Amino acid sequence: MITLSEVRKVYGDVVALDGVDLEIDKGTIHGIVGPSGAGKSTLVRCLTGLDQPTTGTIEVAGQNLSALGEGALRQARRRIGMVFQHVNLLDARTAAENIAYPMRIAGVPAAERRARVQELLDLVGLGNRGGAYPSQLSGGQKQRIGIARALATDPDVLLCDEPTSALDAATTRQILGLIRDIRDRIGVTVVIITHEMEVVRQACDAVSLLDHGRVVESGRLAAVVADPATRLSHALVPLPPVPDTDKAVLDIFFTSTPGEPTGSRVFDVVARLGGDITAGTFETLGDTQVGRVALSAPHHDVERLARGLREAGLHVEGRVARLPQAREVTDHG
Ligand SMILES: Nc1ncnc2c1ncn2[C@@H]1O[C@H](COP(=O)(O)OP(=O)(O)OP(=O)(O)O)[C@@H](O)[C@H]1O
Ligand SMILES: [Mg+2]
């Protein structure tokens, strides 16, 4: 649905995007994360056609955005719905009027607009709040109206820039649930720019890590997380802090498929070989269960332990320095 090929964007001597290659499949929810200055906002501006790459191409729904004339670009931009952190509804207009607004601009006849607005209000779970003004709506409800407005022109792509960063955890869960539900129902392709790993865990099918203007890691969520070497895996399933110890610490990483009793396998192995589990975490992401466990043991014993654990099919790393944590992937300074 979206294909970026060698996209570079240069501002003077600042290279904001340094050869981005990215493929986003139709109907997937694709998260884009990365540290401050990585190029996320630049990527969004290029995807919406608000800005042009210096070189490289961006195709959305089979159309090369940079090859389009002004009129065609305006049409193409209607195929991309935008959802922002701050919803920016028109305060003097009702929720229904806000949703209708992009359709008025696009010249949709009034009767058709009314029917479509009701459909969209129902879709976002606010079927009876069309007459409410923004000041009468909660933050989560406003974001629902923002999503309905973004869908008004029936886009192929819903581009969400930090859609839940202004919301509390419970409302975030609801909005992400809604986005998944909408994708399931209408098959829209969703791109979510976020600095919150929780958003990726809860909502995304695939994820890309942008750093210094390049995509440095990318893939289906389960595949990325199942690769213990990736920064995204550490960020998405971080090991809780390990208590200070004079002993050696081994980091154990494991994945399993449905039906396989992941945790007990590890506990069985550790019980057999020895060592103390001092920190651990389990996460289920889609079909994949992932765990990280820190095992402390006397220094003279770690070689034997590591060998035994590896023979049992676990990924084991000796702890020298601290692992990268979530904030090192998304740190905003
Ligand atoms: N209009 C511009 N003129 C000059 N430099 C720019 C411009 N827009 C972005 N940059 C630079 O391009 C780089 C990428 O910026 P961008 O805003 O895309 O990062 P970001 O990933 O969105 O960061 P953040 O998480 O802080 O929002 C930065 O070095 C930034 O200073
Ligand atoms: Mg930004």
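Computed from a prediction, not measured in an experiment: that's the story for all the values here. The analysis underlying the following values was restricted to heavy atoms, covering all of them including side chains, and did not include hydrogens, waters or symmetry mates. Every number for a ligand or one of its atoms is a count from 1 in the order of the listing. Index from 1, following the sequence.
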Carefully, step by step, assess D268 and R272 under the rule salt bridge (Lys or Arg N to Asp or Glu O under 4.0 Å). CA-CA 6 Å; D268 287 349; R272 182 160 54 79; over 6 Å; no
Is there at least one pair of N or O atoms, one from V14 and one from ligand 1, spaced under 3.5 Å apart? no
Say whether A16, considering both its backbone and side-chain N or O atoms, lies within less than 3.5 Å of an N or O atom on ligand 1. no
Check contact between G37 and ligand 1, using heavy atoms of the residue and a distance below 4.0 angstrom. yes
Heavy atom of R45 under 4.0 Å from ligand 1? yes
Kindly check if the number of other-residue, nucleotide or ligand heavy atoms within 6.0 Å of CD (Q52) is above 12? yes
Indicate, with yes or no, if V190 and L47 share a hydrophobic cluster defined by side-chain heavy-atom contacts under 4.5 Å among Ile, Leu, Val, Met, Phe, Trp and Tyr. no
Do V83 and L89 share a hydrophobic cluster, counting only Ile, Leu, Val, Met, Phe, Trp and Tyr and linking them when any side-chain heavy atoms are less than 4.5 Å apart? yes
Considering only heavy atoms, which of G213, G34, S41 lies nearest to atom 27 (O) of ligand 1? S41
Relative to atom 26 (O) of ligand 1, which among G12, P35, S36 owns the nearest non-hydrogen atom? S36
At less than 4.0 angstrom from any non-hydrogen atom of K40, what atoms of ligand 1 do you find? 18 (O), 19 (O), 20 (P), 21 (O), 22 (O), 23 (O), 24 (P), 25 (O)
Please could you name the atoms of ligand 1 that G39 approaches to less than 4.0 Å, counting only its heavy atoms? 14 (C), 16 (P), 18 (O), 19 (O), 20 (P), 21 (O)
Can you see whether E198 engages T172 through a side-chain donor-acceptor pair at a distance of less than 3.5 angstrom? no
Are D205 and R180 ion-paired here, with the side-chain N under 4.0 Å from a carboxylate O? yes
For ligand 1, note which part of H212 has a heavy atom under 4.0 Å away: side chain, backbone, both or neither. neither
From S36, does some N, O or S atom reach closer than 2.8 Å to the Mg ion (ligand 2)? no
Which of H86, Q85, H195 passes side chain to side chain donor-acceptor pair (under 3.5 Å) with E162? Answer is H195
